[in-house]
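Please read all numbers here as calculations on a predicted model, not as lab measurements. Labels below follow one simple rule: chain letters A, B, ... track the order of the sequence lines, proteins then strands, and each chain is numbered from 1. We use all heavy atoms of the structure for the numbers below, so side chains are in, but hydrogens, waters and symmetry mates are not.
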Amino acid sequence: MKAIQAIRGMKDIPPAETPVWRELEDAARAVLSGYGYRELRPPVVERTELFRRSVGEATDIVEKEMYTFDDRSGESLSLRPECTASCVRAAVEHGWLRGRGQRLWHIGPMFRYERPQKGRYRQFHQLDVEALGFPGPDVDAELILIGERLWRRLRLGALRLELNSLGSRAIQDAFRARLVEYLTRHASSLDEDSRRRLDTNPLRILDSKNPDMQDLLGAAPRIVDCLDDESREHFEGLQAMLEASGVAFSVNPRLVRGLDYYTRTVFEWVTDELGAQGAVCGGGRYDGLVADIGGPPTPATGFAVGLERVVALMQARQGAASDERPHAYLLAVGEEAQRTAHSLAEQLRDALPRVRLVVDAGPGNFKRKMKNADRSEAPLALILGEDEARENRITLKEMHGDGGQQSVERSQMVEILRGHIGSDD
RNA sequence: GUGGGCGUAGCUCAGCCGGUAGAGCUCCGGAUUGUGGUUCCGGCGGUCGUGGGUUCGAAUCCCAUCGCCCACCCCA
């Protein structure tokens with residue numbers, strides 16, 4: 001019989017890696033609570049319609065990357081490809097936007113049917129941060145500062161911040177027409193993909209990686225030159241606040257983003273260390289989205305962090321992850337010892353709530369159990385054999401170094417173990 | 001969806017101008033029946049991804065197919 005394996009692009013995160021993930025999640029929680037953001041946990045499945053209306057009918061995500069299915073009642077549902085739409089839906093549905101802003105965050109899995117490659121998976125995880133109901137550039141700046149604080153806390157260097165402004169929807173429409181006009185004039189210099197996108201998504205031609213087109217694109221009209229006064233002031237305001245906070249950034253006039261809902265501010269944190277998938281975090285302002293999905297007109301801004309990509313950077317970084325090795329391995333041999341081993345272990349756990357103690361009171365001989373004690377990487381073996389059971393003692397053996405051991409009264413165990421735990425964790 | 005690379009033991013890999021499979025690590029046992037890790041000795045483990053073709057004979061050559069990785073595309 002053929003063994004069943006995981007779905008393509010969906011990976012197990014093995015025990016050896018979960019400490020890094022937890023470090024990242026704990027850091028995110030701590031940073032966000034420090035800015036007054038509160039956690040939201042929306043469902044993983046939504047009506048397909050929600051993503052059509054938010055992400056955009058003509059985007060790749062909606063056109064060909066969603067896991068969509070009909071439920072038993074015939075309704076079209078989709079696994080979420082991103083979760084800004086869900087956060088906005090929840091806020092509107094519960095009336096959280098009535099007269100005040102909401103600062104929200106969420107961590108969880110997202111799903112996109114794409115060909116997997118380095119840094120890109122079909123199930124992947126995002127930290128999503130959304131500020132709903134705030135019109136000013138101050139909140140865009142706040143989001144960027146949150147990102148920077150998170151990178152600093154995780155000891156990640158080498159992340160660059162790129163910024164752009166896409167202006168209002170009306171400006172985007174006008175600019176799109178200008179850009180199409182320019183590119184059509186030079187259609188002979190466009191590659192095949194770009195010619196196709198001339199119809200579907202002309203803005204994205206701007207960040208094509210094709211080296212043959214760089215000259216052409218460098219001379220293309222720039223959206224930052226077409227901004228309306230309000231958008232320009234907003235963008236300048238953001239830059240002034242970042243400068244005042246000492247945040248380094250570069251304006252990339254060709255930074256556009258693949259989701260239809262962005263207006264004005266867009267930004268990305270990028271790295272060169274992850275191959276082709278260099279965007280670790282991306283986001284921007286979406287002032288029209290709340291109204292688009294049926295809520296009250298509400299300005300909003302947010303970003304998403306790709307956790308697999310951050311984890312990859314953390315793994316490449318210097319510095320050890322947290323230690324999960326047990327402090328002690330209690331091995332019981334003989335009927336009486338095996339029967340009472342858990343009782344002893346529970347007393348130790350009552351006295352030392354932080355102790356990491358593995359109990360081996362199963363079948364197997366002494367040698368076997370010592371081997372397992374060694375493999376557990378615990379620095380201390382607590383030996384409970386027939387002699388110890390009879391004399392109400394326990395033998396402690398140092399598993400590192402010379403392997404010296406001593407026999408002690410059970411009543412001494414707590415103090416000795418406490419010494420071994422020390423300041424660890 | 002398109003292109004390239006790669007599939008041999010649990011893991012990392014060698015063998016590939018055809019002659020019927022090997023190493024290191026891991027694992028199991030013994031030296032050491034109340035002591036692991038080190039050392040020594042022995043052992044388990046492979047329809048060579050799968051199916052077909054060529055051949056007296058295929059891990060090796062050819063075709064197809066599946067899987068993994070990387071890139072395009074797209075994005076976190």
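With sequence neighbours left out, A:Asp191 forms a side-chain contact (heavy atoms from CB on, under 4.5 Å) with A:Asp193, A:Ser194, A:Ser208, A:Asn210, A:Met213. In terms of the side-chain hydrogen bond (donor to acceptor under 3.5 Å, both in side chains) criterion, A:Glu17 has no residue partners (sequence neighbours excluded). For A:Asp225, the salt bridge (Lys or Arg N to Asp or Glu O under 4.0 Å) criterion is met by A:Arg222, not counting sequence neighbours. By the side-chain hydrogen bond (donor to acceptor under 3.5 Å, both in side chains) test, A:Arg53 is found to be paired with no residue, residues two or more places apart in sequence or in another chain being considered. Residues passing the side-chain hydrogen bond (donor to acceptor under 3.5 Å, both in side chains) test with A:Arg122, sequence neighbours excluded: none. Under the side-chain hydrogen bond (donor to acceptor under 3.5 Å, both in side chains) criterion, A:Gln214 pairs with A:Arg254, sequence neighbours left out. Residues meeting the side-chain contact (heavy atoms from CB on, under 4.5 Å) test with A:Ala91, sequence neighbours left out: A:Trp96, A:Leu97, A:Leu132.
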Check nucleotides 37-41 of chain B against the protein and report each pair of N or O atoms closer than 3.5 Å, with its distance, or say if there are none.
unit_1: B:rG37; atom_1: OP1; unit_2: A:Lys371; atom_2: NZ; d: 2.9
unit_1: B:rG37; atom_1: O4'; unit_2: A:Asp374; atom_2: OD2; d: 3.0
unit_1: B:rG37; atom_1: N2; unit_2: A:Gly401; atom_2: O; d: 2.8

Can you give me the N/O atom pairs linking the protein to nucleotides 46-48 of chain B at distances under 3.5 Å, or say none if there are none?
none

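Atom P of B:rC62 sits at a distance of 16 Å from the matching atom of B:rU55, rounded to the whole Å. With C1' as the reference atom, B:rC28 and B:rC73 are 50 Å apart, rounded to whole Å. On the P atoms, B:rG30 is 33 Å away from B:rU8, given to the nearest whole Å. For the C1' atoms, the distance from B:rC11 to B:rG46 is 14 Å, rounded to whole Å. The C1' atoms of B:rU20 and B:rU60 are separated by 11 Å, rounded to the nearest whole Å. Nucleotides B:rG4 and B:rA9 are separated by 29 Å at their C1' atoms, to the nearest Å. One P atom belongs to B:rC44, the other to B:rG57, and the distance between them is 31 Å to the nearest Å. B:rC69 and B:rC25 have their P atoms separated by 29 Å, with the value rounded to a whole Å.
Within the 4.0 angstrom heavy-atom criterion, base atoms lie near A:Glu388. Counting non-hydrogen atoms under 4.0 angstrom, A:Leu127 reaches nothing in the nucleic acid. In this structure, A:Asp387 reaches the bases: a heavy-atom distance under 4.0 Å links it to at least one base atom across the strands shown.
A straight line from CD1 of A:Ile4 to C1' of B:rC66 spans 16 Å, rounded to a whole angstrom. Note: CZ (A:Arg368) to C1' (B:rU35) measures 14 Å, nearest angstrom. The NZ atom of A:Lys369 sits 12 Å away from the C1' atom of B:rG34 (whole-angstrom rounding). Between A:Leu330 atom CG and B:rU35 atom P there is a gap of 18 Å when expressed in whole angstrom units.
A side-chain contact (heavy atoms from CB on, under 4.5 Å) with A:Leu384 holds for exactly one of A:Val333, A:Thr395, A:Leu344, A:Leu331; it is A:Leu344.
For the pair A:Arg285 and A:Tyr261, the cation-pi criterion (under 6.0 Å, within 45° of the ring axis) is not fulfilled.
Applying the side chain to side chain donor-acceptor pair (under 3.5 Å) test to every pair with at least one member in residues 167-187 of chain A, sequence neighbours left out, gives these pairs: A:Arg169-A:Asp292, A:Asp173-A:Arg176, A:Glu181-A:Arg185. Here side chain to side chain donor-acceptor pair (under 3.5 Å) pairs that include residues 364-386 of chain A, with residues two or more places apart or in two chains, number zero.
Pair assignment for B:rG3: B:rC70, on the basis of Watson-Crick or G-U wobble contacts that are both within less than 3.5 Å. Pairing for B:rU54 is absent, with no Watson-Crick or G-U wobble pair whose two atom distances lie under 3.5 Å. In this structure, B:rG43 forms a base pair with B:rC27, meeting either the Watson-Crick or the G-U wobble geometry with both donor-acceptor distances under 3.5 Å. In a base pair of the Watson-Crick type (N1 to N3 plus N6-O4 or O6-N4) or a G-U wobble (N1-O2 and O6-N3), with each distance short of 3.5 Å, B:rC17 is matched with no nucleotide.
We find that the ring of A:Phe366 and the base of B:rU33 do not stack by the test of centres under 5.5 angstrom and planes tilted less than 30°.
Looking at A:Tyr286 and A:Glu130, their side chains do bring a donor and an acceptor atom within 3.5 Å of each other. A side-chain donor-acceptor contact under 3.5 Å links A:Glu46 and A:Ser86.
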Nucleotide by nucleotide, 5' to 3', does protein get under 4.0 Å of the base (B), only the sugar-phosphate (S), or neither (-) in nucleotides 67-76 of chain B, counting heavy atoms? SSSSBBBBBB
